[in-house]
2 protein chains.
Amino acid sequence: MELHMDMMDSPCGLDVSLKVIGGKWKPLILYHLQGGPARFSQVKQRVVGISEKVLIQQLRELVAMNVLIRRDHQRVPPMVDYALTPFGETLVETLRPLCEWGTQNRARVAATLASASSQP
Amino acid sequence: MELHMDMMDSPCGLDVSLKVIGGKWKPLILYHLQGGPARFSQVKQRVVGISEKVLIQQLRELVAMNVLIRRDHQRVPPMVDYALTPFGETLVETLRPLCEWGTQNRARVAATLASASSQP
DNA sequence: CGGTATCCCCAACGATACTG
DNA sequence: CAGTATCGTTGGGGATACCG
């Protein structure tokens with residue numbers, strides 16, 4: 001069993017944010033929905049490397065947190081899409097600095113990663 | 001092979017950032033080093049719930065990425081501390097919006113989590 | 001098209017005990 | 001104090017098959 005001693009309020013809300021976008025794929029999913037709603041298969045194409053199983057899991061969790069909404073257009077063949085809620089938009093905003101940091105430091109991180117793996 | 005829009009440089013650097021602070025604990029560790037260097041045991045106390053094993057793993061990876069430095073003061077009993085590098089400081093900066101978002105939405109997220117767990 | 005259902009694997013995480 | 005060592009658990013992830 002885990003000892004959750006977070007009875008006192010955390011000094012910062014990072015723990016809250018991480019409950020919502022924690023996990024490997026959620027930030028990427030959110031990012032790729034910034035431009036507007038996207039269908040399941042579109043999200044899958046954009047989030048390179050994710051499996052369908054994991055994608056649907058993560059989407060559902062984000063829907064449950066009211067970060068995304070799922071819309072079923074009741075068609076045959078099926079037509080479903082996912083979109084950021086206003087709440088979700090506020091969250092994705094906070095990801096932007098992280099995004100820019102990554103863009104600026106892509107080469108540096110890649111280099112570090114490379115030299116780290118060559119020195120066991 | 002049709003539309004290789006995702007194969008060109010990622011639209012955003014989120015993937016890079018996630019390589020560095022991906023994982024459950026790293027953002028929290030970084031956050032708790034903002035005030036200045038801290039010893040192993042201090043970090044452990046601040047990052048509530050982390051085990052020693054995982055903590056040392058994550059610390060080492062952050063050191064390897066040049067986000068932290070480890071300083072061994074060569075004493076008995078051992079005296080080691082960890083501090084953000086200038087590079088690490090730029091990264092921790094980007095976490096701040098996420099932090100604030102969490103603080104502002106703590107109650108809402110907690111409520112959503114609660115109602116979600118009562119509705120299987 | 002947008003999922004479900006299974007099975008299986010493995011890396012990450014976790015708890016406890018022990019050591020230089 | 002700052003870690004190792006060891007063992008156990010978990011859930012992300014791949015592959016494949018199938019359904020409404």
Side-chain angles (χ1 to χ4, degrees), chain A residues 1-6 14-15 18-30 32-33 37-65 68-83 113 116-117 120, chain B residues 2-3 14-15 18-30 32-33 37-65 68-83 113 116-117 120:
Chain A
M1 75 182 169
E2 300 174 38
L3 302 179
H4 278 150
M5 297 296 286
D6 6 336
L14 219 39
D15 60 319
L18 292 174
K19 280 201 177 73
V20 181
I21 52 152
K24 183 172 174 179
W25 299 105
K26 283 179 185 139
L28 262 5
I29 295 172
L30 260 34
H32 287 293
L33 286 173
R39 302 177 64 173
F40 181 85
S41 51
Q42 292 177 315
V43 180
K44 189 187 158 191
Q45 282 174 359
R46 294 176 193 179
V47 182
V48 179
I50 196 169
S51 69
E52 289 187 358
K53 185 178 100 177
V54 173
L55 177 56
I56 190 66
Q57 277 175 2
Q58 309 290 294
L59 286 172
R60 284 193 201 295
E61 289 175 20
L62 290 168
V63 169
M65 295 304 299
L68 298 183
I69 45 169
R70 184 190 121 114
R71 296 182 302 186
D72 186 337
H73 297 256
Q74 305 289 21
R75 294 218 228 119
V76 176
M79 162 68 156
V80 171
D81 64 18
Y82 295 86
L113 246 24
S117 61
Chain B
E2 304 77 21
L3 306 174
L14 220 36
D15 59 319
L18 291 175
K19 280 199 178 74
V20 182
I21 52 153
K24 186 172 171 179
W25 298 106
K26 283 180 185 137
L28 262 5
I29 293 171
L30 261 35
H32 287 294
L33 286 173
R39 303 177 63 174
F40 181 84
S41 53
Q42 291 178 314
V43 180
K44 189 187 159 195
Q45 281 173 359
R46 294 177 192 177
V47 182
V48 179
I50 197 171
S51 70
E52 290 187 356
K53 183 179 107 179
V54 174
L55 178 55
I56 191 65
Q57 274 175 3
Q58 309 292 293
L59 286 172
R60 283 193 201 294
E61 289 174 21
L62 290 167
V63 168
M65 295 304 298
L68 297 185
I69 45 168
R70 184 191 121 114
R71 297 182 302 184
D72 187 336
H73 298 255
Q74 304 289 24
R75 294 223 227 116
V76 177
M79 161 72 155
V80 172
D81 65 17
Y82 296 86
L113 245 24
S117 61

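Note on naming: letters A, B, ... go to the chains in the order of the sequence lines (proteins, then strands), and numbering restarts at 1 for each one.
- K44(A) places its NZ atom 10 Å from the P atom of dG2(C), with the value rounded to the nearest Å.
- Residue Q57(B) contributes atom CD, which lies 13 Å from atom P of dA5(D) at whole-angstrom precision.
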What protein N or O atoms touch nucleotides 14-19 of chain D N or O atoms at under 3.5 angstrom, if any, and at what distances?
unit_1, atom_1, unit_2, atom_2, d
dG14(D), O6, K53(A), NZ, 3.0

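- Put simply, S41(A) has no side-chain N or O that comes within less than 4.0 Å of OP1 or OP2 on dC1(C).
- Put simply, the side chain of W25(A) reaches to within 4.5 Å of the side chain of L28(A), judged on heavy atoms.
- Taking every heavy atom of both residues into account, P37(B) and R71(B) meet most closely at CG-NH2, 3.3 Å.
- Taking CG of L33(A) as the start and CG of L59(A) as the end, the distance is 7.5 Å to the nearest 0.5 Å.
- In this structure, OG on S51(A) lies 7.5 Å from CD on Q57(A), to the nearest 0.5 angstrom.
- Contact between the side-chain N/O atoms of R71(B) and the OP1/OP2 oxygens of dA2(D) is not found at any separation under 4.0 Å.
- For the pair Y82(B) and dC1(D), the criterion of a side-chain N or O lying under 4.0 Å from OP1 or OP2 is not met.
- A sub-4.0 Å separation between OP1 or OP2 of dT4(D) and a side-chain N or O of R60(B) is present.
- Whole-Å rounding puts the Q58(A) CD to dG2(C) C1' distance at 17 Å.
- Distance L55(B) CG to dT4(D) C1': 14 Å, rounded to the nearest Å.
- Residue I29(A) holds its CD1 atom at 12.0 Å from CZ of R46(A), rounded to the nearest 0.5 Å.
- Look at NZ on K24(A): it is 11 Å from P on dC13(C), rounded to the nearest Å.
- When side chains are defined from C-beta on, D81(A) does not count as touching V43(A), because their heavy atoms never get closer than 4.5 Å.
- Going from atom CG of L59(B) over to atom C1' of dC1(D) covers 14 Å, rounded to whole Å.
- Within the 4.0 angstrom heavy-atom criterion, base atoms lie near P78(A).
- In this structure, the CZ atom of R39(B) is 9 Å from the C1' atom of dA2(D), given to the nearest Å.
- Between R70(B) and V80(B) there is a side-chain heavy-atom pair separated by less than 4.5 Å.
- Separating the CD atom of Q42(A) from the C1' atom of dG3(C) is a distance of 16 Å, rounded to the nearest angstrom.
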